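Indexing begins at 1, ligand by ligand and atom by atom, following the structure's order. Values in this document were obtained by computation on a predicted structure and should not be read as measured data. Nothing fancy with the numbering, it's 1 onward along the sequence.
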Amino acid sequence: MTTPEERAEAAAAAGYNTFLLRSEDVYIDLLTDSGTNAMSDRQWAALMLGDEAYAGSRNFYEFEAAVRETYGYQHVVPTHQGRGAEHLISQIAIRPGQFVPANMYFTTTREHQERAGGVFVDVIIDEAHDPVSEHPFKGDVDLEKLESLIAREGAGQIAYVSLAGTVNMAGGQPVSMGCVRAVRALCDVYGILLFLDATRMVENAFFIQEREAGYADKTIAEILKEFCSYTDGAWMSAKKDSLVNIGGWLALNDPQLFDEARNLVVVFEGLHTYGGLAGRDMAAMAVGIAESVQEDHIRARIGQVRYLGELLDAAGIPFVKPVGGHAIFLDARRFYSHLAQDKFPAQTLAAELYLDSGVRSMERGIVSAGRDPQTGEHNRPRLELTRLTIPRRVYTQAHMDIVAEAVEALYAGRDSAKGLVMTYEPRYLRFFQARFDRPGG
Ligand code: P70
């Protein structure tokens, strides 16, 4: 716990960017659910069985078997985390000038696609950009948008379809099984590859079980495996669903593409049997993968996010509906309806929440969206959100009560917020390290 004076000092030193705060100055940390989950006793025990051989560690084979068993892909290389895998797949599967259609952008994913010369195209349904739409599968692809891109550019100009489970920037919104089946069918017609960002795909499986006809009696594990079976491969940040502090992977069914991945991984990550991880990390990941699909675990996890959503809803706080898998996304446009997007309302909300309560959140709006690589202008996303992200197996219901009270108090005083001015803008993924001034602060 900190005093308001201490937080004022810490926030100013951090340039009002929550990524630049010291964790010791944070009371309840809802920055991210990435690598911040509590490992289980079995995962900690697995750490002690690390086989730290340079090549062919026993833990690699445990990890490989877990990915095959749970996700169903044939071949896998470990990477240090998700973006390591994004880097590899982008370098392997994108030729400069090719288009990469996706169900909304994710920051690191798009960065790697653009660095490989790809042109990102958003083909998510319109409802995804609307925070009040209660569509049950706001992560779905709009097939007409995808088909018209293929018709306009030609199938040979499409690198691959980039599909993400529970779309992070849309508010953790799921993709339906009907959608992935239809995208698969379309890709088959045109001979286009379909790759999945499986980072929060277990959470996606939960929503399919709950909401999609014909899946109520299937297990999370069955649904996950069926979904993946429609795709040609996947990349993963295991720091989320798989309950580890570090780790990721790239899985591919095609032996030739896999051959390239296994070769390229040695340049950027490490040998193909460790990919930037210690043996013990792969051991913990193998256990985490198995634990992640346990029905009780995933129900409790999403239930806790919903609990916070219910408290905020009762207080009339504006946030993205329906509640997604990993976080509550406060709608900063409605929260601070007097602030123009150029005043960075979502960044402001994250800064003010910290100043007021010590709760750390993350901007997911115009700062995160970066600039258009062609024009250099700010990308202006319709969604201007501040994410309250719940780590898995860490916080209690009492913590959620405190967070809700903090947000309610901030909402009551919302008219006094004046916005922020950006004073330092890094070239890549600016949201991580950008700095701001707080007029009158
Ligand atoms: C978050 C984290 C990481 C992530 C993801 C999806 C859907 C890939 C990755 C990359 C961490 C983060 C990353 C960028 C901006 C803010 C925060 N998401 N795909 O908090 O994985 O981090 O392991 O390289 O969500 O949402 P990794």
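A donor-acceptor pair shorter than 3.5 Å cannot be found between the side chains of Q304 and Q397.
With R200 contributing its side chain and D241 its backbone, the two residues share no donor-acceptor pair below 3.5 Å. Between the side chain of K240 and the backbone N or O of H326, no donor-acceptor pair lies under 3.5 Å.
In summary, R371 and E425 engage in a salt bridge, as defined by a charged side-chain N under 4.0 Å from a carboxylate O. A salt bridge links D331 to R334: at least one charged side-chain nitrogen sits closer than 4.0 Å to a carboxylate oxygen.
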Could you list the donor-acceptor pairs under 3.5 angstrom formed between side-chain atoms of residues 342-350 and any protein atom two or more places apart in sequence or on another chain?
{"residue": "D342", "atom": "OD1", "partner": "R380", "partner atom": "NH2", "Å": "2.9"}
{"residue": "Q347", "atom": "NE2", "partner": "Y16", "partner atom": "O", "Å": "3.2"}
{"residue": "T348", "atom": "OG1", "partner": "K343", "partner atom": "O", "Å": "3.2"}
{"residue": "T348", "atom": "OG1", "partner": "F344", "partner atom": "O", "Å": "2.7"}

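Taking a heavy-atom cut-off of under 4.0 Å, ligand 1 is surrounded by F19, T32, S34, Q81, G82, R83, E86, F106, T107, T108, N168, D197, T199, R200, S237, K239, K240, M362, R364, R387, F431, F432.
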